[in-house]
Amino acid sequence: SRFAVNPQAQSVNPGECTQAITATLLDQNGQPIAGANVDIHAVGPSDQLRFGLIDNTTSDFDDPDKAHISSEFAIRCSNESNFGSQGEHNVPGGDDVKHIESVATGGTTNAGAFVFALWADEAGSTVATLFADTDDDDQQGPSEASGGARLGWGQPAPPPVTTVSLLPAGPSPTTGRCQKMTLVLAEDGVPLTGRNVDIHATGPEGIEFCDAGTGLPRAPDQGGHVTYAHPEGGVHGEAETDGSGHFGFGITSGSAGDTALFGWMDRTDDDVQGGDEPTGSGQISWQRSGQRNISLRSSKSSVPKGSRVKLSGRISGDDTCTDAQTVKLKARSQGSRKFKATGTKTTDSNGAFSFRKKVKRRTTYRAIAPRDGACVKAKSSTVTVNAR
């Protein structure tokens, strides 16, 4: 699916609203899609860029309600008064990105249309990108249809814009996992298919391509590469975009740390990133897996009624998730159906812990290490001590 945008390019005077821009969402057969949630990003020529209301024409919109913290007024085009609300992504050293989404009861019409307008205070250019936010997370996903518009304020509209996006943005998988990434290649939001694209990934040590249901990219055959190894470090692969303008690949790392991703449309197919070739970047932040197990044993299986027994165990697994960890001991007495907390300890540098408990009747014990950040919750097998 895709957005057909009309007009896709226009020129307008600064201090005025654009004419209404109609984006029509179409399926693969060219049929309109009604009731779709629509998000729009727009950037340039300044931080004063605003979305506009044209009475009885533009679609209802609001600022995004997920993963965003900053909002500001949009504008009513008829009298340039403050109107409604739009989101703002702060970009240090650059023009802030403005963001709106269709209201919950709105979206595309029965004709698949969503209509919007923009207003800017100075000369320059604006690029607007629309996407059908099917999961309503206010972030563009690799499978979400997109489209775009270009605006010139006091000057001709800029030429078509080729974009390279790496999605999802900033994932934080655990080490050892094969993280699926998608390079999305588009011109004014329209997918570019069958184009040669390259991806270069660096850091941390031992990073590799993996099959995330996508297969492996080809190893580059130009630019002094040896298999996937890049002369300056990291790994390098290439492929052609599919019918949706996508190139899917997997990345895995056995070490915690950050992976820097650079993808580009390799127009000359020389496997070297050219200064005039459309480029996109991204990052993966690898977290320790946090996998661990916890054991529990008793010094005796049976003791005289009222005597004490030593219950000890150890947490094993990821080094950062074994020592100085909280362990909760739970007990269930004979005749009871539920485990109840009966003590808390902290593991030593070897992940070990112990409890001493008085046993008045047959009791079953279990040790639990609660989830702590990346460290997963661990639960021991049960241990039963009889009182005679």
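A donor and an acceptor atom, one from each side chain of Thr22 and Asn6, are nowhere located under 3.5 Å apart. Side chains of Glu122 and Gln48: a donor-acceptor N/O pair is absent below 3.5 angstrom, by distance only.
Two residues are said to be in side-chain contact when any heavy atoms from C-beta on lie closer than 4.5 Å; Val359 and Lys305 fail this criterion. Residues Lys357 and Thr342 form a side-chain contact, since some pair of their non-hydrogen atoms from C-beta on lies under 4.5 Å apart. The side-chain heavy atoms of Asp95 and Leu49, taken from C-beta on, include no pair separated by under 4.5 Å.
Shown here is Arg362, whose CZ atom has no more than 12 heavy atoms of other residues, nucleotides or ligands within 6.0 Å. Atom CG of Asn29 has more than 12 neighbouring heavy atoms from other residues, nucleotides or ligands inside a 6.0 Å radius. For Arg361, the CZ atom is loosely surrounded, since the number of other residues' heavy atoms within 6.0 Å does not exceed 12.
In this structure, CG on Asp266 lies 9.5 Å from CD on Gln222, to the nearest 0.5 angstrom. If you take CD1 on Ile40 and CG on Asp133, they are separated by 12.0 Å, rounding to the nearest 0.5 Å. Of the inter-residue distances, the one linking Asp372 atom CG with Cys321 atom SG reads 7.5 Å to the nearest 0.5 angstrom. The OG1 atom of Thr57 sits 7.5 Å away from atom CG of Asp55, with the distance rounded to the nearest 0.5 Å.
With sequence neighbours excluded, no residue forms a salt bridge (Lys or Arg N to Asp or Glu O under 4.0 Å) with Arg356.
Under the 30°/60° scheme for interplanar angles, the aromatic rings of His99 and His41 are found to stand perpendicular.
Remark: Arg314 fails to qualify as a cation-pi partner of Phe353 under the 6.0 Å distance and 45° angle criteria applied to the six-membered ring.
Applying the salt bridge (charged side-chain N to carboxylate O under 4.0 Å, His left out) test to residues at least two apart or on different chains, none of the pairs has a partner in residues 289-301.
The hydrophobic cluster containing Leu216 also includes Val164, Leu166, Met181, Leu183, Leu185, Leu192, Val197, Ile199, Ile207, Phe209, Tyr228, Val235, Phe247, Phe249, Ile251, Leu261, Met265, Ile284, Trp286, under a criterion of side-chain heavy atoms closer than 4.5 Å among ILVMFWY residues, counted directly or through chains of members.
At distances below 3.5 Å, at least one donor-acceptor pair connects side-chain atoms of Asn79 with backbone N or O atoms of Ser81.
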